[in-house]
Asks: 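Next up is a structure, given as structure tokens.
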Amino acid sequence: MRLIVREDAASVAEYVANYILGRIKDFGPSPTRPFVLGLPTGSSPMAVYQILAAKYKAGEVSFENVITFNMDEYVGVPRDHPQSYHSFMWNHFFSHVNCRPENVHILNGNAPDVEAGCAQFEAAIEAVGGIDLFLAGVGEDGHVAFNEPGSSLASRTRVKTLAYDTILANSRFFDNDVSQVPKMALTVGVRTVLDAREVVTIALGARKAVALQRCIENGVNHMWTLSALQLHRHSMVVADEDATLELQVKTVKVRNHRPLYLSLATLTIVSVFQIN
Ligand SMILES: N[C@@H]1[C@@H](O)[C@H](O)[C@@H](COP(=O)(O)O)O[C@@H]1O
């Protein structure tokens, strides 16, 4: 795993957007060989989506031959509800780029048989040859997608009951009213994420600092599901400085001497966590 530290959220977004752009360009997607991109919702990737959309508008990238799979979706929230992940993705990304609607895959939290929908989602990923790059965020409790603490590290796409911490954290999108937050969601499993050829995770802000510390400095643990990425051959976390506040690595503590030592600290951290 590589840990890349950037000064603030804007620099993280710039780094991640350029990274994804580079991956798509290097891959050179075509109709017969599309690039398969896994995508998250949440506040963390929003600026990345804005930059990617701007680069598309500037003619720097095309999403015509990019197939997408979203990580998760609430159960029972109408598709056109402003807080459904379907609305989020179309409002923040798909409406601004040239992804073809038939190439967009978002779990349906209103399907008559959600279990069958989850199985079809896994089959659809397999049918296109797997996910080339999965972009992810991390919850305050260390979850990836909606794989709440205690999720099996071998899990696949399924229905999950949300942890109270997550319901509280997400109430900010529902008028700060916990009672309006859905209690269940559909989510890709930890194994689904691990199966991607590459995983890039964004961690922003002090409220993610404990999760980042548990997930990258402690061992692999199903109570902090993002920690499973330590086992991935090609995974990377891109964090802003605030998200590194709980990290114990001594070199991180030179943060007060920025900017002189920032890149040195970053390089050191990269090498400490280079386990693949
Ligand atoms: N299911 C999503 C996750 O995929 C996301 O990573 C997390 C963090 O969200 P944010 O980026 O807004 O902090 O929120 C939700 O729980």
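All ligand and atom numbering here is 1-based and tracks the order in the structure. The figures that follow rest on heavy atoms only: side chains count, while hydrogens, waters and symmetry mates do not.
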Asks: Are any of the side-chain heavy atoms of I20 and V200 separated by less than 4.5 Å?
Replies: no
Asks: Who are the residue neighbours of ligand 1 when the rule is a heavy atom under 4.0 Å from any of its atoms?
Replies: G42, S43, S44, D72, Y85, G137, V138, H143, A145, F146, N170, R172, R207, K208
Asks: With sequence neighbours left out, write down each residue that passes ring pair (Phe, Tyr, Trp, His ring centres under 6.0 Å) with F121, or none if nothing qualifies.
Replies: F69
Asks: Do Q230 and N221 come close enough that some side-chain heavy atom pair is under 4.5 Å?
Replies: no
Asks: Sequence neighbours excluded, which residues qualify as salt bridge (charged side-chain N to carboxylate O under 4.0 Å, His left out) partners of R79?
Replies: none
Asks: Which donor-acceptor pairs under 3.5 Å do side chains of residues 45-54 form with protein atoms, sequence neighbours excluded?
Replies:
from, atom 1, to, atom 2, distance (Å)
Y49, OH, P40, O, 2.6

Asks: Is it the case that the side chain of H105 and the backbone of T68 share a donor-acceptor pair, with hydrogens and angles ignored and the cut-off at 3.5 Å?
Replies: yes
